[in-house]
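Heads up, the thing below is written out as structure tokens.
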Amino acid sequence: MQEHEFATRLVAWQRLHGRHDLPWQVSDPYRVWLSEIMLQQTQVSAVRAYYARFLARFPSLPDLAAAPVEEVLTLWSGLGYYSRARNLHRAACMVMDRFEGRFPAVREQIEQLPGVGRSTAAAVAVFAFSRREAILDGNVKRVLTRVFGIEGFPGERAVEQRLWSLAERLLPQEHEAMPAYTQGLMDLGATVCTRGRPACTVCPMVDACHAAQHGRTADLPTPRPRKIIPVRHTLMLMPVASGRVWLERRPSEGIWGGLLSLPEVSDTTAAEDWVARHGGGDVLSDWPEVEHAFTHYRLVITPVPVRLAAPPVAPGSGAWLPLAEAPDAGVPAPVKKLLLRLAGAPPA
DNA sequence: AAGTCGGGGGT
DNA sequence: ACCCCAGACTT
């Protein structure tokens with residue numbers, strides 16, 4: 001298969017068999033950008049509801065820029081990678097005062113926005129402005145490594161560079177074909193050239209696909225080299241008083257940045273110190289640990305429910321929330337699990 | 001180049 | 001239980 005034939009086949013396939021009903025298939029750059037950020041490392045099925053909710057609250061970019069970042073984070077909670085939400089808000093403000101409210105139409109300018117890398121910038125440039133730019137996300141890497149038989153872990157610099165240059169050579173010549181071509185690349189990866197059981201029998205590339213012809217779809221793309229995942233332990237205090245629980249806002253840097261959460265301490269001594277510093281109280285019971293898995297480590301949380309002796313005077317930066325409301329206050333998933341348990345078995 | 005950041009779905 | 005997903009940013 002000549003390289004120019006790839007785009008021809010893909011565009012024809014997309015028009016007949018691609019997805020045409022995704023809510024963000026519009027030309028409004030704000031909506032395209034929002035969807036691309038939400039879709040980073042997150043699957044379509046998970047994004048749909050968040051996208052609708054987000055647009056209902058922030059129908060346009062000026063609405064988003066005018067909102068407090070805390071509200072953006074609350075709408076984001078559950079999607080993960082919370083720096084995306086902070087960057088989204090920063091970028092909206094940047095478009096307002098650096099680009100006078102007009103979304104930039106060139107890939108290099110879009111790429112200046114925080115949270116937007118080359119691939120995301122290219123996707124916005126293509127869908128909103130029909131620019132001739134290549135994307136290279138997980139779907140595209142899978143399709144290209146299989147069709148063209150590219151060996152090596154795509155996270156490796158040399159492999160990724162080969163993929164970028166290949167992706168650029170494959171672009172259709174006509175600007176008008178760019179949205180269908182780019183959508184076709186994503187659709188093929190998402191619905192046909194899937195990770196587990198690719199549907200090669202209905203693939204428009206099957207006769208030219210290196211992996212399909214050599215029975216190597218299970219080997220490509222080359223998987224990430226194995227690593228040992230460490231385990232970390234932490235304690236989370238659950239300070240309760242008068243039917244309310246104390247939540248603190250975490251620093252914007254690091255894990256769960258900017259989210260409301262339970263106070264975290266490193267060990268039991270630090271836990272006792274914390275209670276003493278806040279007027280003293282009783283540890284209510286020993287609760288079972290909660291495990292939470294990240295990409296790079298496993299976190300074991302020991303919950304420490306405490307009834308504070310002192311009345312609910314706010315210590316530091318946070319809030320006393322009614323037990324029934326706390327689980328939905330935009331907290332990290334494992335904290336929500338703890339708060340639901342707390343609300344289900346409130347201290348007498 | 002390697003490490004960090006999350007939650008959820010597929011297998 | 002393990003893998004990865006419409007990646008970007010920091011060190």
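Owing to the predicted nature of the structure, the values given are computational and were not obtained by experimental measurement. What you see below is based on every heavy atom in this structure, not just the backbone, and it leaves out hydrogens, waters and symmetry mates. Note on naming: letters A, B, ... go to the chains in the order of the sequence lines (proteins, then strands), and numbering restarts at 1 for each one.
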Any side-chain heavy-atom pair of A:Leu259 and A:Trp76 under 4.5 Å:
no

Output side-chain donor-acceptor pairs under 3.5 Å for residues 189-205 of chain A, partner residues at least two apart or in another chain, one line each.
| from | atom 1 | to | atom 2 | distance (Å) |
| --- | --- | --- | --- | --- |
| A:Thr191 | OG1 | A:Asp187 | O | 2.8 |
| A:Thr194 | OG1 | A:Arg197 | O | 3.3 |

Would you indicate what A:Leu79 reaches in the nucleic acid, counting non-hydrogen atoms under 4.0 angstrom: base, sugar-phosphate, or nothing?
base

Say you pick atom C1' in B:dC5 and the same atom in C:dC4; how far apart are they, in whole Å?
15 Å

Could you check whether A:Ala333 gets within reach of a base, just the sugar-phosphate, or nothing at all, counting any heavy atom under 4.0 Å?
sugar-phosphate

Which part of the nucleic acid does A:Phe127 contact within heavy-atom distance under 4.0 Å: base, sugar-phosphate only, or nothing?
nothing

Within the structure provided, determine whether A:Trp274 and A:Arg277 are in side-chain contact (heavy-atom separation under 4.5 Å).
yes

If we count only N and O atoms by modelled type, under 3.5 Å, do the side chains of A:Asn87 and A:Arg90 hold a donor and an acceptor together?
yes

Separation of B:dG8 atom P from A:Arg48 atom CZ, nearest Å, is 18 Å

Any side-chain N or O of A:His292 under 4.0 Å from OP1/OP2 of B:dG6?
no

Using atom P of each nucleotide, how far apart are C:dT11 and B:dG6 to the nearest Å?
15 Å

Taking pairs as Watson-Crick (N1-N3 plus N6-O4 or O6-N4) or G-U wobble (N1-O2 and O6-N3), each distance under 3.5 Å, the stems of three or more consecutive pairs with DNA chain B are B:1-5 with C:7-11, B:7-11 with C:1-5

Between C:dA6 and B:dT11, how far apart are the two P atoms, rounded to whole Å?
13 Å

If you assign each of A:Gly254 and A:Ser45 to its closest nucleotide in DNA chain B, which residue comes earlier from the 5' end?
A:Gly254

So A:Arg197, base contact, sugar-phosphate only, or nothing? Heavy-atom distance under 4.0 Å.
nothing

Closest-nucleotide 5' rank along DNA chain B - winner of A:Gly196 and A:Arg232:
A:Arg232

Could you check how far CZ of A:Arg298 sits from P of B:dC5, rounded to whole Å?
16 Å

Contact pattern, 5' to 3', of nucleotides 3-9 of chain C - B, S or - by protein heavy atom under 4.0 Å:
BSBBBSS

Aromatic ring pairing A:Phe148/A:Phe6, orientation class (parallel under 30°, perpendicular over 60°, tilted between):
tilted

Find the distance A:Lys337:NZ to B:dG6:P and express it as a whole number of Å.
17 Å

Only one of A:Val116, A:Thr120, A:Val47 clears side-chain contact (heavy atoms from CB on, under 4.5 Å) with A:Gln40; which?
A:Thr120

Classify the angle between the aromatic ring planes of A:Tyr51 and A:Trp24 as parallel (below 30°), tilted (30 to 60°) or perpendicular (above 60°).
perpendicular

Quick check: does any side chain N or O of A:His20 sit under 3.5 Å from a backbone N or O of A:Gln14, one acting as donor and the other as acceptor?
yes

Could you tell me whether A:Arg249 and A:Glu70 make a salt bridge, using a distance below 4.0 angstrom between a side-chain N and a carboxylate O?
no

